[in-house]
There are 2 protein chains.
Amino acid sequence: MLTKYSVAEENYIKSIFHLQEGGALSTGALSGALNTKPASATDMLKKLKEKKLISWSPYKSIQLTAKGKKLALDIIRRHRLWEFFLSEKLHFEWDEVHAIAEELEHVSSKKLIDKLDAYLHFPQVDPHGDPIPDAQGKMPHQEQLRLAQAPLNKPLRVVAVASQEIKLLELLKHFDIKLGTMIEVIKRFDFDESIEVKVGKNKTLHLSEAITKSLIVK
Amino acid sequence: MLTKYSVAEENYIKSIFHLQEGGALSTGALSGALNTKPASATDMLKKLKEKKLISWSPYKSIQLTAKGKKLALDIIRRHRLWEFFLSEKLHFEWDEVHAIAEELEHVSSKKLIDKLDAYLHFPQVDPHGDPIPDAQGKMPHQEQLRLAQAPLNKPLRVVAVASQEIKLLELLKHFDIKLGTMIEVIKRFDFDESIEVKVGKNKTLHLSEAITKSLIVK
DNA sequence: AATTTATTTTAGGCAAATCTAAATTTATTT
DNA sequence: AAATAAATTTAGATTTGCCTAAAATAAATT
Ligand SMILES: [Mn+2]
Ligand SMILES: [Mn+2]
Ligand SMILES: [Mn+2]
Ligand SMILES: [Mn+2]
């Protein structure tokens, strides 16, 4: 049970977990997310199947096994705890933590992560508002109301962003939108699915469809 | 200049640095320290030479270049800062920090290490009493008086241990000897180079040659 | 239903880091 | 100064993770 996995294996497992949330998971999408080629993904799928982390056969769909899901949640736990540490203690910016956590998440000591968790006072969400699985791999389910689907004229709080893309985070920083920011939808434009919002007290912004789909509010 | 090195390369460079402190450096000693075989060390020496981190030719001696030494000091900086963090903030024991830092030291972000340094208030020594190189790679030179060579009847402070071997650290923990512990040499026994010491106020211990050579005092 | 296009898998290769076994060189004894 | 022993290097393999190009399969069009 104390099996160790390689950095590559862990990155694949985590990506599979994230991508299959969003429905179907193709070899192409998987390799795309990992900056590899489809042929490489196929190689890895064979190995992950061998290790009973996924179920898959040539041309058939990819599913995490219970074992694979458990591993994925553990990696996500490490990733998000390190992100929280980087943001909260070392004062890194929103858009800088992800890349560093991508490396730190592979340091494997269980004791390290549990002590880090305690040191940070068991945070519930990472700096992007994403929930942090606990030591048993339980992850609180989060409502996924996108700003794109939100009702008009109702004050909403930004609780998460749907992507960690640096370009998105930069843009949000420019607009001064972060976790906790209050937003109200004023008007929808069917032409391009853009919307006009009120941010904070007095500022009015015009947000593209891409942005409204990336903001998760409550 | 933003060259990235592999985990294996970094481990070799660090070991070469440490081992050549203690005089001559053989391929066998190097591979021994890294738990590999001499043939593997030779392979790596070729690569490190190629990258101008060491000077070496078949059967000739191994020397770090200026570039190699700089890299070594940078890795040692990362290693010792993480050790300090693990000990000071996460309350790991003396003998647990080394193995984890061995992994953390390879996370490459310069900004991460400098922010960590600041967060820890620029510590001067790691939990084993070893000096931490600064951001420019300067490492304060440390007096290396071994308890084995120390004068009789003089109160001495333990400032470092010469090895991170778990077995040694366990033994020291058993004797309740740590950094800062005051020790006084009472008597030497030529028979086996062992010594009798007074530790703290009232306790008297008999220490083997292996231990007296591993304790650095001031 | 047949054809074309897109996706995925297989085949064959390469670089990194390791190994064992054999060859070479250096060091130590007689 | 040989002979023997020890250390080191080379030769040849293996595993992991990736690649390109070709083959196989599935999906979309005509
Ligand atoms: Mn990663
Ligand atoms: Mn995150
Ligand atoms: Mn290491
Ligand atoms: Mn140390």
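Fair warning: this is a prediction, and the values are worked out from it, not measured in the lab. Naming convention: chains lettered A, B, ... in sequence-line order (proteins, then strands); numbering from 1 in each chain.
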Item checked: Partner of A:Ile13 by side-chain contact (heavy atoms from CB on, under 4.5 Å), out of A:Leu73, A:Ile76, A:Leu64 -> A:Leu64

Item checked: CG-CD1 distance between A:Leu45 and A:Ile16, expressed to the nearest 0.5 angstrom -> 5.5 Å

Next item on the list: Please name the residue in the list B:Arg78, B:Met139, B:Arg80, B:Gln124 that meets the side-chain contact (heavy atoms from CB on, under 4.5 Å) test with B:Ile132.
Entry: B:Arg80

Margin query: Tell me the interatomic distance from B:Glu9, atom CD, to C:dA15, atom P, rounded to whole angstroms.
Written below: 15 Å

Checklist line | Watson-Crick or G-U wobble mate for D:dT16, both contacts under 3.5 Å | finding: C:dA15

Next item on the list: Return no unless some side-chain N or O of B:Thr42 is found under 4.0 Å from OP1 or OP2 of D:dT10.
Entry: no

Note to self: Distance check needed: C:dA15 P versus A:Asp43 CG, whole Å only.
What the structure shows: 17 Å

Note to self: Only pairs with both distances under 3.5 Å count, Watson-Crick or wobble alike; so what is the partner of C:dT4 in this structure?
What the structure shows: D:dA27

Notebook entry, point to check: How about B:Glu83 and B:His79: does a side-chain donor come under 3.5 Å of a side-chain acceptor?
Noted result: yes

Check: A:Thr27 or B:Lys51: which one's nearest nucleotide on DNA chain C is closer to the 5' end?
Finding: A:Thr27

Notebook entry, point to check: If we call it a pair only when both distances are under 3.5 Å in a Watson-Crick or G-U wobble match, what pairs with D:dA21?
Noted result: C:dT10

Margin query: In this structure, how many angstroms lie between the P atom of C:dA15 and the OH atom of B:Tyr5, rounded?
Written below: 20 Å

Notebook entry, point to check: Which part of the nucleic acid, if any, lies within contact of A:Pro58, taking any heavy atom under 4.0 Å across all strands shown: a base, the sugar-phosphate backbone alone, or nothing?
Noted result: sugar-phosphate

Next item on the list: Can you spot which of B:Asp130, B:Leu156, B:Val159 makes a side-chain contact (heavy atoms from CB on, under 4.5 Å) with B:Ile216?
Entry: B:Val159

Check: Has the side chain of B:Tyr59 got a donor or acceptor atom sitting under 3.5 Å from an opposite partner on the base of D:dT9?
Finding: no

Notebook entry, point to check: For B:Lys37 and C:dA16, what is the distance between atoms NZ and P respectively, to the nearest whole Å?
Noted result: 23 Å

Item checked: Residue A:Thr36, side-chain atoms from C-beta onward, closest of C:dT9, D:dT9, D:dC18 -> D:dC18

Checklist line | Candidates C:dT10, D:dC18, C:dT20 - which lies nearest the side chain of B:Ala39 | finding: C:dT20

Note to self: Applying salt bridge (charged side-chain N to carboxylate O under 4.0 Å, His left out) to A:Asp74 and A:Lys110, what does each step give before you reach the verdict?
What the structure shows: CA-CA 9 Å; A:Asp74 191 44; A:Lys110 165 117 177 88; 5.7 Å; no

Check: Across the strands shown, which category fits A:Lys46 at heavy-atom distances under 4.0 angstrom: base, sugar-phosphate, nothing?
Finding: sugar-phosphate

Note to self: Assuming nearest nucleotide by heavy-atom distance, tell me which of B:Pro38 and A:Tyr12 is located more 5' along DNA chain D.
What the structure shows: B:Pro38

Note to self: Without decimals, in angstroms, what is the distance between B:Leu30 CG and D:dT8 P?
What the structure shows: 10 Å

Note to self: In whole Å, I'd like the distance from the CE atom of B:Met44 to the P atom of C:dC19.
What the structure shows: 11 Å

Item checked: Side-chain N,O (A:Trp56) to OP1/OP2 (C:dT9) below 4.0 Å -> yes

Next item on the list: Rounded off to whole Å, could you give me the CG-to-C1' distance for the A:Leu45 and D:dC18 pair?
Entry: 14 Å

Next item on the list: Using atom CD1 of A:Ile62 as one end and atom P of C:dT9 as the other, report the distance to the nearest whole Å.
Entry: 7 Å

Margin query: Base, sugar-phosphate or nothing for B:Ser40? Non-hydrogen atoms, less than 4.0 Å.
Written below: base

